[in-house]
Amino acid sequence: MSTQPARATPDVDTRIGVLIRARRKQLGLTLQQLGKASGLSVGYLSQVERDNATPTLGSLAGIARALGVGLDYFVAQPRAEDGLTRAESRQQFSIAGSSIIYERLGTEFPGSQLSSFVLTVPPGYSSETVSHEGEELIYILEGTITQYLDGEEMVMKAGDSLHYRGNTPHAWKNTTDTPARLLWTGTLTVFGASGQASNRIELVSPDKSPGKPPRKTKSNS
């Protein structure tokens with residue numbers, strides 16, 4: 001009796017186009033920019049992103065390089081345990097020139113857009129006013145933070161939260177004499193593929209800042 005050779009079948013139907021588009025938009029790249037970096041035509045990339053064309057391994061490698069990821073980004077499936085962090089073993093780090101201590105809560109997997117950190121803000125810390133793509137949500141865990149959003153001043157204490165568009169000029173400071181801890185979650189790409197801090201945050205110059213003086217909002221204490 002003759003037998004047919006076994007054929008390997010994928011466990012998951014991976015939609016490469018969706019992942020390419022999500023990563024491209026996460027990096028703020030246009031199809032033209034991706035095409036130039038990958039050496040592929042805009043029309044072809046458009047077809048790939050709509051899953052109307054299947055890229056060859058060579059083409060996919062070029063796209064991956066242009067997007068700053070490896071080929072496994074498009075085929076690997078995230079494991080549940082990769083997204084788990086333990087309070088007692090979570091690593092802390094800081095960025096050169098900043099006194100804030102970060103604890104990274106989120107992970108990265110194909111198509112992920114959220115970043116999440118616990119921030120420990122020392123007394124007297126004051127940030128610059130910035131504007132960027134995406135959105136942010138902050139939740140105060142301990143202490144007090146003064147948040148400035150589009151010219152409005154809000155004193156936030158433990159249990160308070162704020163959700164806002166990233167393109168609204170915003171800044172915050174710790175005016176107290178004790179550290180504050182807050183949970184930050186947003187769609188902003190904080191770290192690029194190389195692990196370096198993202199440069200997609202725009203400093204708001206004085207002429208871009210709101211012309212009206214800050215309005216104070218009472219805290220919920």
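Keep in mind that what you see is a predicted model, and the values were worked out from it rather than measured.
The NE2 atom of His170 sits 9.5 Å away from atom CD of Glu128, with the distance rounded to the nearest 0.5 Å. Between the CD1 atom in Ile100 and the OH atom in Tyr125 there is a gap of 3.5 Å [rounded to 0.5 Å]. Rounding to the nearest 0.5 angstrom, the gap separating the CG atom in Asn174 from the CD1 atom in Ile145 is 4.5 Å. Atoms CZ and CG, from Arg24 and Leu29 in turn, are 7.5 Å apart once rounded to the nearest 0.5 Å. Taking CG of Asp160 as the start and CD of Gln147 as the end, the distance is 11.5 Å to the nearest 0.5 Å. Ser131 contributes atom OG, which lies 12.0 Å from atom CZ of Arg165 (distance to the nearest 0.5 angstrom).
At least one donor-acceptor pair under 3.5 Å links the side chain of Asp51 to the backbone N or O of Gly17. Within the 3.5 Å criterion, the main-chain N or O of Gly62 finds no donor-acceptor partner in the side chain of Ser38.
A pairwise comparison of heavy atoms in Ser46 and Leu31 identifies CB-CD1, 4.2 Å as the closest pair. Shortest non-hydrogen contact noted between Ala66 and Ala37 is CB-CB, 3.6 Å. For the residue pair Ser161 and Tyr139, the shortest heavy atom distance occurs at CB-CD1, 3.9 Å. Minimum heavy-atom separation, Gly28 to Gln33: O-OE1, 3.8 Å. Between Ile63 and Leu40 the shortest heavy-atom distance is CG1-CD1, 3.6 Å.
Linking ILVMFWY side-chain heavy atoms closer than 4.5 Å, directly or via other members, places Leu45 and Val42 in a single hydrophobic cluster. In the hydrophobic clustering of this structure, Met156 does not group with Val118; members are Ile, Leu, Val, Met, Phe, Trp, Tyr whose side-chain heavy atoms approach within less than 4.5 Å, directly or through other members. Hydrophobic cluster membership is shared by Leu119 and Leu149, with clusters built from Ile, Leu, Val, Met, Phe, Trp and Tyr side chains linked at under 4.5 angstrom.
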Dump the intermediate steps for side-chain contact (heavy atoms from CB on, under 4.5 Å) on Lys157 and Ile140, then the final yes or no. CA-CA 6 Å; Lys157 298 185 177 181; Ile140 310 303; 5.7 Å; no
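Partners of Arg21 according to the salt bridge (charged side-chain N to carboxylate O under 4.0 Å, His left out) rule, which considers only residues two or more places apart in sequence or in another chain, are Glu49. By the side chain to side chain contact (heavy atoms under 4.5 Å, CB included) test, Ser116 pairs with Leu105, Leu183, Thr185, sequence neighbours left out.
Each of Leu67, Val18, Leu34 was checked for a side-chain contact (heavy atoms from CB on, under 4.5 Å) with Arg23, and the lone residue meeting it is Leu67.
A 4.5 Å side-chain heavy-atom check between Ser115 and Trp184 finds at least one atom pair inside the cut-off. The shortest distance between side-chain heavy atoms of Trp172 and Leu162 does not fall below 4.5 Å.
In this structure, Phe117 and Tyr102 have perpendicular ring planes: the angle between them is above 60°, well past the 30° mark.
There is a side-chain donor-acceptor pair under 3.5 Å between His163 and Glu135.
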